[in-house]
Structures are given as C-alpha cells and as structure tokens.
Amino acid sequence: MGFGTMRLTGPGIWGPPEDQDEAIRVLKRCIELGINLIDTADSYGPEVAENLIAEALYPYPDDLVIATKGGLRRTGPGQWPRDLRPERIKASCEGSLRRLKLERIDLYQLHAVDPKVPYEETVGAAAELKAEGKIRHVGICNVGRSELEIARGIVEVVSVQNRYSVVARSSERVLRKCEADGLGYMPWFPLGAGNLGEEAAAALDEVAAVHDASRFQIALAWLLARSPVTLPIPGTSKVAHLEENVAAASIKLTDDELAKLDEITEA
Ligand SMILES: NC(=O)c1ccc[n+]([C@@H]2O[C@H](COP(=O)([O-])OP(=O)(O)OC[C@H]3O[C@@H](n4cnc5c(N)ncnc54)[C@H](OP(=O)(O)O)[C@@H]3O)[C@@H](O)[C@H]2O)c1
C-alpha cells in the first residue's frame, strides 16, 4: 500500500491545505505505518504537495520511494492542461528535484499523453533524464496498451498509473499486461475519489460487515487481491483515514467475497 498526496492541497487541488499541520502529520504517519512509496506530482497545488513532502520528511528514510510526475500545467483550481513537450518535461523534473531536495528521483512518471506532442518525443525526454542520472526509473500514466508499447520501445518502464478501482475497470487489459510483464500498477482513484456509488456501496458494505471494516477498506483489499502488481495509492488529508486505509492491507477476502465484488458494475 502506498500513499497519494493529491488530497494534501486546497480545494480543486489548488493552493495550500486547509489544515497544514494535519497534512504534515499525515505524511509523518505514513512513515510510522511502514508506507515506503509516496505518490505526488509537480501539479498538485501546484508545487504544494512536493513542498509538504520535503518539509515533513526530509531527510528521507533510506527505503522511501518518492514517485513524482510531470506533464500537466495548472491554470486554476480543477484545471489541468497537458504539456508534455520534451523541454517542459525536463524543466518540470528540475523543479521537482529542487523542491524534493533530491539529486535523483526514484520514480519519475509522465503524467499523461499530450495529443499535440508525439508520444515518442515525450518518452524520449524521460529516457534522457534517466541517462543523465536525474531519475532512476520511468513510469507512465493514463495510457492504453499501444502507448505502453511505444514507451517500452524507448526506455525501460517500471510502472503504469491508470484510473482503476472496484467501480472503474476500463483499464483491466492494461493491468493484465503489467501483470504478465512484471510492471507495477498504481490504480488512481482507488476509493472512487471518496464516492463509490450506491450500488457498489451496498455490496461493499455487506462484505465490510463480516470483516468489521469500512467499505473503503474493502475496496482497497479488493484491489490488493486483484493482482500481485497492484499498488493502491489512496489519498487523504486526515490521519484517521490514513490509518484506516493502511489497515486494509491486512484484510483477507475469501474467494466468494472476491467473486461477489467482481460482479459490481461501474459506478
Ligand atoms: N496519474 C493521475 O492522473 C492521477 C489522477 C488522480 C489521482 N492520482 C493519484 O492517485 C491518488 C489517489 O487518488 P485520490 O486521492 O484522488 O482519490 P481516492 O484515493 O480514490 O479518494 C480520496 C478521497 O477519499 C476520501 N477518503 C480517503 N480515505 C477515506 C476513508 N478511509 N474513509 C472515507 N473517505 C476517505 C478522501 O477524503 P479525506 O481527505 O477527507 O480523507 C478523498 O476525498 C492521488 O492522491 C494521486 O496521488 C493520480
């Protein structure tokens, strides 16, 4: 189980958090709970989430992987125009290195595919950053199988981050490709951004009652059981929710329960 930092910013993923002290406590608690992968992006805030990570956790524990991303600009709350031109990716990476106080980023993820830029050129920038030693591993986000193949023809790709959850299965085939080839898969919106829909909530609540758990914990346990390569990165701004989410990693669902949850249709 990892942690996603998108919820540590203000409304619309814009500006500072409403409760800065709680945001810092969430990040510190991640380490105490044994989380060693924290997902972020230069665009969260923008810059707010990366700055909070450095403020709360630098100098970092040796085994902590900070996975950041570049490729989205911010023009206002809730606005995320894409810009994955090579020169922009390189400038974004420099900014992340500076804010995170790192000499090398363990996992640098291309945040999207930009219809105005050939994907080969975007991935080429990541390959150059890797060759220069500024990033250790390359990950990609919001891709289909064809983009995954293009990227892997240019550089080693270690992970994919796509929207996927018990109520959003459209990336199933990409997940299976990652599983077959041993790439990590980080499902974003693992909790449906806090709203799993009525039908799913009822099915999840039924299983949750048996485990004395919450529907969100069951959604996470389902993801962990779904494939050995899934690495959920649930986001929260609250220590209590973080603790609840991490505890989901020890819930073992039975085959019958998994089959029942598999039947949930998209929200
Ligand atoms: N690559 C991409 O394009 C992309 C896109 C979106 C997200 N992401 C990444 O994926 C991560 C996860 O996505 P997300 O944070 O947007 O959505 P999410 O994890 O599906 O849901 C987060 C929402 O659920 C609430 N929540 C969390 N734990 C809860 C609990 N135990 N009980 C009740 N409510 C709970 C949070 O509110 P509270 O703050 O009140 O807990 C928050 O509003 C992000 O943080 C980000 O790192 C990547």
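One-based numbering, in listed order, for ligands and for the atoms of each.
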Which heavy atom of the protein is the closest neighbour of [atom], given with residue, atom name and distance?
atom: atom 40 (O) of ligand 1; result: Lys238 NZ, 2.5 Å
atom: atom 47 (O) of ligand 1; result: Asp39 OD2, 2.6 Å
atom: atom 21 (O) of ligand 1; result: Ala193 CA, 3.4 Å
atom: atom 42 (C) of ligand 1; result: Arg7 CD, 3.7 Å

Handout entry: Residues Glu47, Arg99: salt bridge by 4.0 Å N-O rule
Key = yes
Could you check whether any side-chain N or O of [X] sits under 3.5 Å from a backbone N or O of [Y], counting only pairs where one atom can act as donor and the other as acceptor?
X: Arg74; Y: Ser43; result: yes
X: Asn195; Y: Gly197; result: yes
X: Asp63; Y: Asn36; result: no

Practice task
Answer whether the closest heavy-atom distance between the side chains of Lys69 and Thr40 falls below 4.5 Å.
Solution key: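 No, every pair of side-chain atoms sits at 4.5 Å or beyond.
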Under a 4.0 angstrom heavy-atom cut-off, which atoms of ligand 1 come close to [X]?
X: Thr236; result: 27 (C), 38 (P), 39 (O), 41 (O)
X: His111; result: 1 (N), 2 (C), 3 (O)
X: Gly4; result: 45 (O), 47 (O)

Handout entry: Exercise: identify the closest heavy-atom pair between Glu50 and Thr68
Key =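 In this case the closest contact between Glu50 and Thr68 is OE2-OG1, 2.5 Å.
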Exercise for the section: For ligand 1, indicate whether the residue Phe216 contacts it via side chain, backbone, both or neither (heavy-atom separation under 4.0 Å). Expected result: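 The side chain, only.
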Exercise for the section: Select one of side chain, backbone, both or neither to describe which atoms of Gln109 lie under 4.0 Å from any atom of ligand 1, heavy atoms only. Expected result: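 None of Gln109 does.
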Exercise for the section: Just go through Asn162, Val246, Leu242, Asn245 and tell me whose heavy atom is the nearest to atom 31 (N) of ligand 1. Expected result: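 Selected option, by shortest heavy-atom distance: Asn245.
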Practice task
Would you indicate which of Arg215, Arg163, Met6, Gln161 comes nearest to atom 45 (O) of ligand 1 when only heavy atoms are counted?
Solution key: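 Nearest option to atom 45 (O) of ligand 1, by heavy atoms: Met6.
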Practice task
Please report the C-alpha distance between Lys101 and Tyr60 in whole Å, then the side-chain angles of each, then the deciding distance to 0.1 Å, and finally whether the side-chain hydrogen bond (donor to acceptor under 3.5 Å, both in side chains) criterion is met.
Solution key: CA-CA 10 Å; Lys101 304 184 187 192; Tyr60 304 113; over 6 Å; no
